[in-house]
Amino acid sequence: MKNLRTALAAFLLAAPLAALAQAWPAKPVKIIVPWAPGGAVDVVTRKVAQKLAEQTGQPFVVENKPGATGTIGLALVAKSAPDGYTLVANDMAYSLLPHVFANLPWDHEKDLVPVTTMMDAPYGIAVRADGPHKTLAGMFAAAKANPGKLTFGSGGNGTGPHFSGELLMLRAGIELTHVPYKGAAEAMTAVIGGQVDMLLASTASLLGQARGGKARILAVSGDKRQPVVPDVPTFAEAGLKDFGVLNFNGLWAPKGTPPAVLERLQAEVQKAVASPDVKAFFESQGGIAGGATAAQFAQRVRDTTKMWEPVAAKAKIEKQ
Amino acid sequence: MDVLSNLALGFGVALTLKNLAYCFLGVFLGTLIGVLPGIGPLVTIAMLLPITFGLDPVSSLIMLAGIFYGAQYGGSTTAILVNMPGEVSSAVTAIDGYQMARQGRAGPALATAAMASFVGGILSTLIVAFFGPLVGRWALEFGAAEYFSLMLMGLVFSAVLSHGDLVKALAMVVIGLLLGIVGTDVTSGLPRFSFGIPELLDGVGFTVVAVGLFAVSEIVLNLARNEKVEVFAKDVKNLMPTWADMKAAAMPTLRGTALGSFFGALPGITASVAAFSAYMLEKKLAKDPSRFGHGAIEGVAAPEAANNAAAQTHFIPTLTLGIPASAVMALMLGALTMQGIQPGPQVMTSKPELFWGLVASMFVGNVLLLVLNLPLVGLWARLTQVPYRWLFPAILVFACVGNFSLNNSAMDVYLCAAIGVLGYVFAKLDCQPAPLILGYVLGPMLEENLRRALLMSDGSFAVFVTRPISLAFLVVTALILLAMVLPGLRRRRELAVEEAAG
């Protein structure tokens, strides 16, 4: 009798967990986007969320919670219930946070668990189409001849374009001047207006101006060329090895979310990004469908975070 | 004529029953949220964004654009009737519009605002249609040096705006500057005046400041007045402006349209800057500047024409170049991206029905807005007869909802309340809020562009005079300063002559 009671108690205690995982999602899932609506992460997340809703029959609601380089939304999710009903989407910016902020309100390594990637976005370097720089090597030569004279724009201190520019200087052994703007769109405007010489950013954000004949993409990151811009060489082909900036758009869950839920979520996202319409949409954006396993993604976040260490030290980035 | 055949194509798109319906829905929603303080086009479009994914790109763009410029029409309504701008860009309309309403001329004020908005909207849409690509290319010439000189000109001009105590006005500008630099400094990436509060890292939002300063403080002020609140809308029979009113408003409307079209085409400059500039220009040009602030009809017509003109030309960089000129435009481009359309200069040629359909819909939308707003004048004017005990809580609720939804952040609501208290103190001290707003808007842009220009010129100030556009602004600034100083000098000399004669 006593054994039975223990068994029953154990069952009752374990049941909600098991049921939770099996039944997930039993109610609407909230995905926090810590950026303003209309931005790159927002667009990618909404596209995937739409698909996830179709696949699971539960709404996946995207909620924008912008502010403080995404840390407000991230901190919120880090402190949410780990039940799989609150997730957060972010991009490479996540790997920059420890180098930009002295104190983050959550443990960057532990409190948020990487689940899977939605879309990979290679980085490109863009210059004005009718400007003097036709190739990456040519631009490097010009930069070496006039150290510090060439400028690169960014959407602000501590953003992907800023760190990527610093990494480019480190790897190519050149000296450029960083000119921060309020947002990458302003920086792109400055490039095509001839105010600054170049901008490094996700290929997606460079494509429009490149297609419109206003900007020229000198090189893209990644192992192979991009199908959307087949004429543009990779950084390695253009003569710069080891420039491994590959932006990712991924999902994170609060620490302690049941493994079964995470597995199901990863599988559903993988399925969603493999569907023809989402895949085609990503490719039209210059992106590559994601769907990495949790382990792969976690490794990538760690590697990327580490990659910025020498960059932050060299650029003497002062933490907030 | 190439443009004409393109416009014909555009009207073919805009005048289909479906797109007409979306255009109407857009401008109707825009008018509605324009009337409500705190709830602006940014919040509304962000909330509607997911819904547009199911529509075809042209229809969704037509609707979203309608919300944006429709809000510029509606914003003046509450500004005139209850001294609370429904949109930030109509803050300056409140100065003279409210005084007109107090004199029992709420109807003419509202009608003038609607007609000025209409003229501004139609003329600037013509500019978009005929010179869009040209203006877009020209706007690209504006770099950090040009923006700095332009902002400097604005700040010098703003000295004209203040009525009353000059020292108090300067103090308000400085407080505005301080409010404006809260948050992460763009150039260095370091936080200023954020006191370790993450929500302050992005600064104090424009809506937060404007709603707190104008709407919340106005409500507190009204409650503090013990006497029975004046209801000036009893006499709403005189709805339409007189012939004399129309004549007085005609030139200011045209000048406001010109200024608004210019500012709107520049990325990063908001419609409120255009409205402020138009008001300042009118005050400077007026034969009797003392009328301003006491119900001058020019003070309603010029800024309303300007903010609506700016709202239309704001689409130029967005549509011809794929550059989002403001947060609202970034949302529109986001909507396009979701539809699989890559924003960029190629959209105009690869999807002409999108560009020309939208331009044509702006003509249609402005006509709809006039038809919608003129008959509403009577209805709105009657709104002032609603007892304040109903009106005020409603306005406060909308203000809170609007402030909260911008960032889904409760902090913005608290900040707005705090600034409301500050606004009450300012009113008690007889300090005008307009110079504060100007300092808040122009100050950070001035600083950011000054430092950016110097960063790029390696610290050389020569960049401001070697670049022709920048030099032109600096010369105009110098001329304004001279014009302000000279009358004083002349008066002193005349006095001296009189004394000598006497």
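Lettering of chains follows the sequences in order, A, B, ..., and the numbering in each one begins at 1.
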Please say whether more than 12 non-hydrogen atoms of neighbouring residues, nucleotides or ligands are located less than 6.0 Å from [atom1] in [X].
X        : atom1 : value
A:Asp107 : CG    : yes
B:Phe131 : CZ    : no
A:Lys314 : NZ    : yes

[X] and [Y]: which non-hydrogen atoms are nearest, and at how many Å?
X        : Y        : result
A:Asn157 : B:Gly189 : ND2-N, 3.3 Å
A:Lys47  : B:Met338 : NZ-O, 3.6 Å
A:Ala68  : B:Leu201 : CB-CD1, 3.5 Å

[X] vs [Y] side-chain heavy atoms within contact, under 4.5 Å:
X        : Y        : value
B:Leu140 : A:Thr189 : yes
A:Ile192 : B:Pro345 : no
A:Gln195 : B:Phe142 : no
A:Lys182 : B:Met445 : no
B:Met456 : A:Val179 : yes

Pick one of side chain, backbone, both or neither for [X], based on which atoms fall under 4.5 Å of a heavy atom in chain A.
X        : result
B:Thr337 : both
B:Pro198 : both
B:Arg451 : neither
B:Ser188 : backbone
B:Glu141 : backbone

**Study point:** Winner by heavy-atom pair count (cut-off under 4.5 Å) against chain A, out of B:Leu336, B:Leu321, B:Asp202, B:Ile45
**Key:**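 When all of B:Leu336, B:Leu321, B:Asp202, B:Ile45 are compared, B:Asp202 has the most.
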
Check your understanding: Based on non-hydrogen pairs under 4.5 Å, which of B:Gly143, B:Ser194, B:Ala139 is most in contact with chain A?
Key ->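 That would be B:Gly143.
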
Tell me, for [X] versus chain B, whether the close heavy atoms (under 4.5 Å) come from the side chain, the backbone, both or neither.
X        : answer
A:Ala204 : backbone
A:Gln285 : both
A:His178 : backbone

Under 3.5 Å: donor-acceptor pair, side chain of [X], backbone of [Y]:
X        : Y        : result
B:Asn408 : A:Asn64  : yes
B:Arg452 : A:Pro180 : yes
A:Glu186 : B:Pro267 : no

Review point. Side chain to side chain contact (heavy atoms under 4.5 Å, CB included) between A:Tyr181 and B:Glu448: does it pass, once the steps are laid out?
Key: CA-CA 9 Å; A:Tyr181 283 84; B:Glu448 192 187 314; 5.6 Å; no

[atom1]/[X] to [atom2]/[Y] distance, rounded to the nearest 0.5 angstrom?
X        : Y        : atom1 : atom2 : value
A:Ile72  : B:Ile197 : CD1   : CD1   : 10.5 Å
B:Ser409 : A:Lys65  : OG    : NZ    : 5.5 Å
B:Leu455 : A:Thr151 : CG    : OG1   : 8.5 Å

Practice item. Identify which of A:Ala280, A:Gly208, A:Gly38 forms the greatest number of heavy-atom pairs closer than 4.5 Å to chain B. Key: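 Looking at each option in turn, the highest pair count goes to A:Gly208.
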
